[in-house]
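Okay, structure first, notes after.
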Amino acid sequence: TMDRFPVRLILLCFISFCASSYATKRVSSNIYVDIYSFHINSTVTSRYAITVITSRVANRLNSSKEIHFQVKIPKNAFISKFKLTTEGKTYDGVVKQKEEAQQQYSQAVSRGESAGMVSSVGRTLEDFKTSVTVAAFSKVTFELTYEELLKRRLGKYQLLINAQPMQPVIDVYIQESPGISFLKVEGELATHELGSAQTTTIFDKEHMMVNFYPTREQQTMCKRCSENGLSGDLLIIYDVIRPKPSGELQASNGYFVHYFAPTDIQRIPKNVVFVIDKSGSMRGQKIIQTRLAMLKILGDLTGDDYFGLITFDSQVQDWKPELLQATERNLDEAKTFVNMIKARGGKMYQNSALLQRQCFWAPNKALCIFNISKNSPTGETNPESIQASVKSAIQGKFPLYCLGFGFDVSFNFLEKMALENNGVARRIYEDSDADLQLQGFFEEIATPLLTDVQMNYVGAENVTQASFTQYYNGSEIVVAGQITDNSLETFQTEVIKHNNVTYQDSVSIIDFTDVLPEDENFIQRLWAYLTVKQLLDRHDHEKEMVRKKALYLSLKYKFVTPLTSMVVTKPQEEQTQVAHKPSEEESKHGESPCF
Ligand SMILES: *[C@@H]1O[C@H](CO)[C@@H](O)[C@H](O)[C@H]1NC(C)=O
Ligand SMILES: *[C@@H]1O[C@H](CO)[C@@H](O)[C@H](O)[C@H]1NC(C)=O
Ligand SMILES: *[C@@H]1O[C@H](CO)[C@@H](O)[C@H](O)[C@H]1NC(C)=O
Ligand SMILES: *[C@@H]1O[C@H](CO)[C@@H](O)[C@H](O)[C@H]1NC(C)=O
Ligand SMILES: *[C@@H]1O[C@H](CO)[C@@H](O)[C@H](O)[C@H]1NC(C)=O
Ligand SMILES: CC(=O)N[C@H]1CO[C@H](CO)[C@@H](O)[C@@H]1O
């Protein structure tokens with residue numbers, strides 16, 4: 001028998017969801033407070049995006065006035081700089097260990113100041129806001145910098161820029177060697193009415209620029225505009241050309257980055273088990289959207305895939321006792337089954353009570369046993385023991401993916417379980433497009449091309465994650481590290497899959513693309529960003545060594561991460577504000593209680 005690609009389990013965990021309606025606060029326009037310049041400047045160098053938002057505001061009143069600065073930044077980004085300048089003095093944000101900043105935060109709160117600066121707003125953005133009292137006839141400049149590594153999904157990178165109603169001017173400069181294969185601009189601001197505000201300039205295949213300069217008139221006349229001006233997202237979407245299957249290597253100042261995304265490979269057939277919650281908490285839209293998504297996903301399976309369906313409420317039902325081949329006949333039968341899935345009536349699970357589940361697999365067979373959590377009469381279990389038993393059942397043989405719906409789901413639990421088992425967890429937002437979110441996630445993992453990829457680097461140290469259980473079509477493997485003694489002569493790379501060398505590159509200086517002097521630090525920052533992200537994602541991130549290392553790098557590179565905060569001291573009365581990276585749970589629970 002042929003080797004099957006490992007079973008992939010998709011847990012669809014729709015547990016009661018908190019709707020939260022978000023009213024975006026508008027900066028009220030006032031002829032006496034003049035935002036005379038608002039500039040968003042984003043530079044992307046080999047997928048590493050550094051964005052600077054600069055706002056210049058004048059107080060034209062003869063008395064002092066509180067002036068607000070409020071912007072939205074991508075969740076995936078780390079803030080790395082904030083400063084405000086007024087009356088000739090500059091006040092810089094200082095990145096400190098979170099606990100240290102917490103003290104200043106608590107003191108400010110106890111004085112009745114609104115001390116928090118960042119909150120979570122939606123699926124993809126965080127809200128950053130601050131204000132400062134500006135003297136009569138004075139000006140203030142706010143400058144915020146954030147950094148992120150763009151992740152390739154479904155064959156493209158996406159840079160998201162959000163504009164609030166304050167006369168935005170957006171410049172995006174992208175440089176990618178060996179070249180950009182396509183570039184397009186989408187999003188709420190890429191509309192017909194604003195068409196003439198946007199231009200794309202192609203300098204050559206490696207350098208492109210997108211500008212968005214709406215006139216004052218355009219800012220009030222478009223569909224997405226209020227009387228205060230336009231607001232919405234601009235999405236810059238692109239991909240790069242990949243002339244070499246062994247990937248693209250860049251180095252500067254003693255650091256390297258390796259982008260690996262081969263396409264000349266056959267897909268691997270896969271096994272997939274869908275576990276679908278049909279308990280009472282799924283009633284209404286959620287179960288309808290799940291059915292829609294499942295029908296579409298089943299339609300996307302190919303003939304050599306094997307699949308299974310399991311539904312549960314308080315009991316577990318297998319569609320078939322074993323995985324079946326995705327033949328047309330079996331798929332039709334499965335679709336009939338899916339169409340019959342109904343959310344059970346019955347009571348909703350109160351609080352964050354969560355169905356906890358234990359799954360055991362045998363080859364081509366999936367069996368799940370569900371454990372009801374503490375609040376239920378059926379017995380108490382602790383998440384650690386469930387995580388441990390799932391891990392021992394899987395034994396690293398295949399990745400586990402968990403999808404959590406809404407915010408009442410114990411997402412951290414799902415995430416930890418997925419990470420421990422080489423998978424990922426995704427939060428699905430209950431919204432009109434929940435079925436599309438589900439499908440999108442499945443598409444990302446639908447075409448495995450490589451398994452057990454090991455990237456080896458000779459003459460390198462402090463290398464980021466270098467082994468990957470799977471590589472999917474449309475994604476990209478990125479590895480960065482330090483070059484020992486900054487010596488390219490000894491630097492070598494090879495990519496090994498299934499203990500069998502498939503790509504080998506002994507790199508010479510010629511293979512490295514030139515990096516301009518002004519960009520020479522970006523690979524080092526990219527390395528630091530990736531290292532911190534991966535350390536924070538590790539399921540053992542609470543372990544002291546991992547934490548320490550992530551903290552050290554966050555402080556060194558001035559990243560606002562879950563371990564650090566930025567303290568901003570404002571001109572008057574030694575007022576301080578603190579920027580924490582919010583966790584989604586915290587901010588949502590604060591905003592809207594569930595029941
Ligand atoms: C935008 O940022 C780039 C890179 O930092 C810089 O070279 C350029 O001058 C900036 N543009 C403006 C208009 O500030
Ligand atoms: C400020 O301006 C208002 C009218 O614009 C005026 O009535 C007031 O006297 C001015 N105050 C000072 C201190 O100049
Ligand atoms: C991978 O995706 C690209 C387009 O995104 C497609 O052209 C190609 O056929 C896919 N490869 C496989 C093996 O499915
Ligand atoms: C890089 O690796 C060396 C040893 O190979 C170690 O001494 C050093 O602390 C590491 N640096 C970082 C930032 O982790
Ligand atoms: C690599 O795989 C090929 C066939 O796919 C096999 O002939 C060869 O012996 C393998 N090499 C090693 C080192 O395992
Ligand atoms: C009913 C059921 O499956 N209960 C199990 C819940 O989980 C604990 C520990 O993980 C098991 O010991 C129980 O048998």
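Throughout, residue positions are numbered sequentially from 1 according to the sequence presented. Atoms within a ligand are numbered from 1 in the order they appear, just like the ligands themselves.
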Numbered in order shown, the ligand 4 atoms found under 4.0 Å of a heavy atom of Lys549 are 14 (O)
Quiz item: Taking the six-membered ring for Trp, is the centroid-to-centroid distance between Tyr557 and Tyr529 below 6.0 Å?
Solution: no
Worksheet item: Does the separation of the ring centres of Phe82 and Phe128 fall below 6.0 angstrom?
Response: yes
Can an N or O of Glu461 be found at a distance shorter than 3.5 Å from an N or O of ligand 4? yes
Nearest non-hydrogen protein atom to atom 11 (N) of ligand 3, with distance, is Asn473 ND2, 2.9 Å
Quiz item: So is Leu154 close enough to ligand 3, meaning a heavy atom under 4.0 angstrom away?
Solution: no
Under 4.0 Å between heavy atoms, the region of Thr263 that gets near ligand 3 turns out to be neither
Checklist entry - Short question: side chain of Thr484, backbone of Gly459 - any donor-acceptor pair under 3.5 Å? => result yes
ask   = Does some side-chain heavy atom of Val95 sit less than 4.5 Å from a side-chain heavy atom of Phe559?
value = no
When distances are taken from atom 2 (O) of ligand 1, the protein heavy atom at minimum range is Asn41 ND2, 2.4 Å
In this structure, does ligand 4 have an atom that sits under 4.0 Å from one of the heavy atoms of Lys556? no
Of all protein heavy atoms, the one nearest atom 5 (O) of ligand 1 is Thr43 OG1, 4.2 Å
Test side chain to side chain donor-acceptor pair (under 3.5 Å), reference Glu476, set Arg47, Lys151, Arg152, output is Arg47
Exercise. Spell out, as yes or no, whether a donor-acceptor pair under 3.5 Å connects the side chain of Gln325 to the backbone of Gly303.
Key: yes
Atoms of ligand 4 under 4.0 Å from any heavy atom of Trp527, numbered from 1 in the order shown, are 13 (C)
Check: Charged N to carboxylate O below 4.0 Å: is that the case for Glu126 and Lys75?
Finding: no
closest protein heavy atom to atom 13 (C) of ligand 1 is His39 CE1, 3.2 Å
Exercise for the section: Taking Thr200 for its side chain and Val210 for its backbone only, find out whether a donor-acceptor pair lies under 3.5 Å. Expected result: no
*From atom 9 (O) of ligand 4, is the closest protein heavy-atom distance below 4.0 Å?*
no
Atoms of ligand 3 under 4.0 Å from any heavy atom of Thr447, numbered from 1 in the order shown, are 14 (O)
A student checking ligand 4 against Gln482 at a 4.0 Å heavy-atom cut-off should list atoms 1 (C)
Quick note on ligand 3: atoms under 4.0 Å from a heavy atom of Leu449 include exactly 13 (C)
Whether Thr302 side chain and Asp305 backbone form a donor-acceptor pair below 3.5 Å
no
re atom 1 (C) of ligand 4, the protein heavy-atom contact at minimum distance is Asn462 ND2, 1.7 Å
Ile265 heavy atoms within 4.0 Å reach ligand 3 at atoms 13 (C)
Q: Would you check if Thr493 and Asn456 make a side-chain contact, meaning some heavy-atom pair closer than 4.5 Å?
A: no
